[in-house]
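Structure first, commentary second.
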Amino acid sequence: MNPSSTPSLDRALVWFRRDLRAHDNAALYHALKAARAVWCVFVLDRDILDPLPRLDRRVEFILASLADLDGQLRARQPQARLIVRHGRAVDEIAALAKALGVDAVYANHDDEPQALQRDAAAREQLAALGIALHTSKDHVVFERSEVLTQSGTPYTVFTPYKNAWLKKVDAFYLRAYPTDKYASRLAALAADVAAHLPTLAEIGFEPTNLAALKIPTGSTGARALLDDFLPRIAEYGTARDYPAIKGPSYLSVHLRFGTVSIRELAAAAQAQRSAGAAVWLSELIWRDFYHQILHHHPHVVGHSFKPDYDRIEWDHGAHAEALYAAWCEGRTGYPLVDAAMAQINQTGYMHNRLRMVVASFLTKDLGIDWRWGERYFATHLNDFDLAANNGGWQWAASTGCDAQPYFRIFNPVTQSQKFDPQGKFIRRYLPQLARLPDKLIHAPWTARPLDLQAAGIELGRDYPRPVVDHDDARARTLARFAVVKASAADADADADAD
DNA sequence: TTTTGAGTTGTTCGA
DNA sequence: GTCGAACAACTCAAA
């Protein structure tokens, strides 16, 4: 007999949040190992859902993934059910834990500020009932203070962080939690506990086009995407740069909701040993990096990582609002930017290079606060993750840790010529420009009247003229950042004077 | 403690 | 068309 198989607890509850899978799940494993009977619950949290617009692809993604998770649990133990509740998470968890008479609740870490508050409140309410809340790392390979510099401080520059990450990682950190080993402990529900998975309408949401987009959901969908990606991972390093090509894994939304295990992905990337796999692993390490940054520097929510950069005066007022609306709605007159915004608006996804292009455009061409763009992505991206989204926006705006230098300003036309040379991506999302020749599709305003006429386009009617001139905007941005530099120099001079 | 090397993804200019 | 340099110093991490 394996002594570790003797459970120390009678009953436990697993609280699923952003880890919607039954395999390789730390909290589920620890609960199954510890208790004789284990129940599983997900709470559709009203604190999160109620403020949302009634159309949100992510809510549908979650419901579909919950159905998948329920199926995964039943496949392991036919009487097992995923309990789904709709209410305030803390109250629902405490009530259910009490009703089931569990000794402990198990969950995985979520280091977003609001989630930490929620978990602290849950821990307190459960403690009042004499129930423990045990939490585990699951969402990242290394979290919090697991990767530190030699002097014991958190890294703020990616490359040395990555080197330390790679040095530390080994089979131990990437092994799967063998949840199947104790699957028989998944318990049936008593008759008075409902496991009902509500419909979209029952929680007050309207159907989106998620199903029409054929975005794979649940851990079953994630498995299909991974199987599709691994054969082309060697080409990822170059293919990922071209938005018209199927280069990425499209697993980001699954990493967001935990329908795939980060350990499995990192292990798969390491096993491949191709240049492309190394680049992809790097992207996974960026994800750990930004989660770790958020944990150590929670001020990045709402503020520049570098305080000096909070002195930047972004444009505001009616003109800025109008430019922002043009950006949101994809009518800036820069085809690659507009096509990218059409992609996010129509699908909830945007290609990574385009995220950089539109972020650079919003902050450096339109002079608009990166937080406006961050908020737009937060509400529109299916894969929205606070840590990565904030890190990405601050990188693009040059306000973040290890940010792009502020004078490195993307040229939306050059990016278009380089990464969508045949305008394939642009034509997919801006069919009104489809008949423009490849050479002109990146900057329609440079086309001769005859060329526009031949393509059936009248600027200002079928497609907007550019809302700003890139060269002018570039000069204004350099001036805007020069103010930061001056204020930083002043601060240094003040410090020297003291 | 001091020194040294290095830093995701780019653009523009001039030769 | 292609190439190298400048962009602007600054901070981090490690030796």
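Worth saying up front: this structure is predicted, and the values here are computed from it rather than measured. What's counted below: heavy atoms across the whole structure, side chains too, no hydrogens, waters or symmetry copies. So that the names make sense, note that chain A is the first sequence line, chain B the second, and so on, each numbered from 1.
- The shortest distance between the side-chain N/O atoms of Q415(A) and the OP1/OP2 oxygens of dT9(B) is not below 4.0 Å.
- Using a cut-off of 4.0 Å between Lys/Arg side-chain N and Asp/Glu carboxylate O, E264(A) and R223(A) are scored as salt-bridged.
- Under the Watson-Crick and G-U wobble criteria, each requiring two contacts below 3.5 Å, nucleotide dA8(C) is left unpaired.
- Rounded to a whole angstrom, the distance from the P atom of dA8(C) to that of dA6(B) is 23 Å.
- Of the charged side-chain nitrogens involved, at least one lies within less than 4.0 Å of a carboxylate oxygen, so that R427(A) and D438(A) count as a salt-bridged pair.
- With dT11(B), dG7(B), dA14(C) as the choices, the nucleotide that has an atom nearest any side-chain atom of Y155(A) turns out to be dA14(C).
- In this entry the distance linking CG of D308(A) with P of dA8(C) reads 18 Å, nearest Å.
- Of the side-chain N and O atoms in Q150(A), one or more sit less than 4.0 angstrom from OP1 or OP2 of dA15(C).
- Centroid-to-centroid, the aromatic rings of H134(A) and H30(A) stay 6.0 Å apart or farther.
- Here the P atom of nucleotide dT11(B) and the OH atom of Y406(A) are 17 Å apart, to the nearest Å.
- Between K418(A) and the phosphate of dT11(B), there is a side-chain N or O to OP1/OP2 separation shorter than 4.0 Å.
- For D471(A), whose side chain is taken as the heavy atoms from C-beta onward, the closest listed nucleotide among dA8(C), dA14(C), dT12(B) is dT12(B).
- With rounding to whole Å, F481(A) atom CZ is found 16 Å from dA9(C) atom P.
- Between the CD atom of Q417(A) and the C1' atom of dG10(B) there is a distance of 14 Å, rounded to whole Å.
- For dT9(B), there is no paired nucleotide, since no Watson-Crick or G-U wobble pair has both relevant distances below 3.5 Å.
- Within the 4.0 Å cut-off from OP1 or OP2 of dG10(B), not a single side-chain nitrogen or oxygen of N411(A) is found.
- If you measure from atom CZ of F305(A) to atom P of dT11(C), you get 12 Å, rounded to the nearest angstrom.
- Between the CZ atom of F158(A) and the C1' atom of dT9(B) there is a distance of 12 Å, rounded to whole Å.
- Contact annotation: T414(A) does not reach the phosphate of dG10(B) (side-chain N/O to OP1 or OP2, under 4.0 Å).
- Residue R408(A) has a polar side-chain atom (N or O) positioned under 4.0 Å from OP1 or OP2 of dT9(B).
- Aromatic ring centroids of F419(A) and H442(A) lie 6.0 Å or more apart.
- Using a 4.0 Å cut-off between a side-chain N of Lys or Arg and a carboxylate O of Asp or Glu, R371(A) and D310(A) qualify as a salt bridge.
- At whole-Å resolution of the value, CG in N163(A) and C1' in dA15(C) are 15 Å apart.
- Close to dG7(B), at under 4.0 Å from its OP1 or OP2, lies no side-chain N or O of Y161(A).
- Using atom P as the reference point in both dT11(C) and dG10(B), the two lie 24 Å apart (nearest Å).
- A ring-centre distance under 6.0 Å is not found for W286(A) and Y161(A).
- The interatomic distance linking R480(A) (CZ) with dA8(C) (C1') rounds to 19 Å, in whole Å.
- Counting non-hydrogen atoms under 4.0 angstrom, F407(A) reaches a base of the nucleic acid.
- The pairing partner recorded for dA14(C) is dT3(B), the criterion being a Watson-Crick or G-U wobble arrangement whose two distances lie under 3.5 angstrom.
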